[in-house]
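Note that the structure is predicted; figures quoted are calculated from it, not measured.
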Amino acid sequence: MAKKIKHNLFSDKLPDTTRPKGYSFFNDVWDVVRLIPKGRVSTYGAIAEYLSSRISARMVGWAMNAAHSVEPPIPAQRVVNRNGQLTGRIHFGTATRMEELLNADGVLVENDTIVDFKTLFWNPSTELEE
DNA sequence: GCATTGACGAAGG
DNA sequence: CCCTTCGCCAATG
């Protein structure tokens with residue numbers, strides 16, 4: 001797998017174990033996203049808060065941007081902004097792709113917003129509590 | 001190396 | 001309640 005990482009992160013599709021130490025936050029984010037149960041959704045901010053140290057919500061967004069090229073796939077459709085809006089749908093190839101994936105999860109979307117978002121919200125800080 | 005740009009979010013006005 | 005500002009920090013020009 002893999003070629004050595006030349007730059008900091010963004011080594012493309014490298015599996016977790018091949019990344020250099022100290023630059024693991026993409027993988028940390030991905031790990032958390034993989035833990036989001038089907039039918040539930042989380043937010044950039046909540047994930048950043050859960051991984052608190054040195055990660056901001058923006059960086060979670062960056063991690064999602066890079067998530068499309070990794071295996072196994074990341075259920076990035078389950079990450080929305082704090083209002084339950086599908087702000088990342090632009091990055092899913094087609095305009096409706098993210099919504100379709102959510103529908104497949106059993107999650108309804110209306111006007112680019114998760115229906116019943118408050119109930120479906122999955123917060124790693126409380127759900128993954130030791 | 002400085003300036004701008006975000007799949008963000010909180011705070012202030 | 002809407003709009004702006006600011007913190008966040010890697011990536012890009």
In residues 92-102 of chain A, what donor-acceptor pairs under 3.5 Å come from side-chain atoms, sequence neighbours left out?
from   : atom 1 : to      : atom 2 : distance (Å)
T94(A) : OG1    : R97(A)  : N      : 3.2
T96(A) : OG1    : E100(A) : OE2    : 3.0

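In this pair, F117(A) and F121(A) present their aromatic rings tilted. The plane angle is within the 30 to 60° band.
Under the side chain to side chain donor-acceptor pair (under 3.5 Å) criterion, N83(A) pairs with no residue, sequence neighbours left out. For P37(A), the side chain to side chain contact (heavy atoms under 4.5 Å, CB included) partners two or more places apart in sequence, or in a different chain, are R40(A), W122(A). Applying the salt bridge (charged side-chain N to carboxylate O under 4.0 Å, His left out) test to D112(A) and every residue at least two apart in sequence or in another chain returns R89(A). In this structure L108(A) satisfies the side chain to side chain contact (heavy atoms under 4.5 Å, CB included) test together with N103(A), V115(A), sequence neighbours excluded. A search for side chain to side chain donor-acceptor pair (under 3.5 Å) contacts involving D105(A) returns Q77(A), R78(A), not counting sequence neighbours.
When all heavy atoms of S125(A) and A46(A) are compared, the closest pair comes out as OG-O, 4.3 Å.
Between the CZ atom of F26(A) and the C1' atom of dA7(B) there is a distance of 12 Å, given to the nearest Å. Atom pair N65(A):CG and dG6(B):P shows a separation of 11 Å (rounding to whole Å applied). Rounded to an integer number of Å, the gap from I55(A) CD1 to dC9(C) P is 10 Å. For the pair W62(A) CH2 and dA7(B) P, the computed distance is 8 Å after rounding to whole Å. Here the C1' atom of nucleotide dA7(B) and the CD1 atom of I36(A) are 13 Å apart, to the nearest Å.
Atom name P, nucleotides dC8(C) and dG1(B): the rounded distance is 22 Å, in whole Å. When the C1' atom is used for both dA7(B) and dC2(C), the distance is 23 Å, rounded to whole Å.
Taking a 4.0 Å limit (strictly below) on heavy-atom distances, residues 92-101 of chain A reaches DNA chain B at F92(A). Residues from residues 106-116 of chain A placing a heavy atom under 4.0 Å of any atom in DNA chain B do not occur.
In this structure, V32(A) and L51(A) have side chains that are in contact, with non-hydrogen atoms separated by less than 4.5 Å.
Looking at the side chain of M59(A), the nearest of the listed nucleotides dC8(C), dA10(C), dA7(B) is dA10(C).
Between Q85(A) and N81(A), the side chains place a donor N or O and an acceptor N or O closer than 3.5 Å (distance only, hydrogens not considered).
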Find every protein N or O atom lying less than 3.5 Å from an N or O atom of nucleotides 9-13 of chain B, and list the pairs.
from   : atom 1 : to     : atom 2 : distance (Å)
dG9(B) : OP1    : G45(A) : N      : 3.0
dG9(B) : OP1    : R82(A) : N      : 3.4
dG9(B) : OP2    : R82(A) : N      : 2.8

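Linking ILVMFWY residues whenever their side-chain heavy atoms come closer than 4.5 Å, directly or via other members, leaves L86(A) and V79(A) in distinct clusters.
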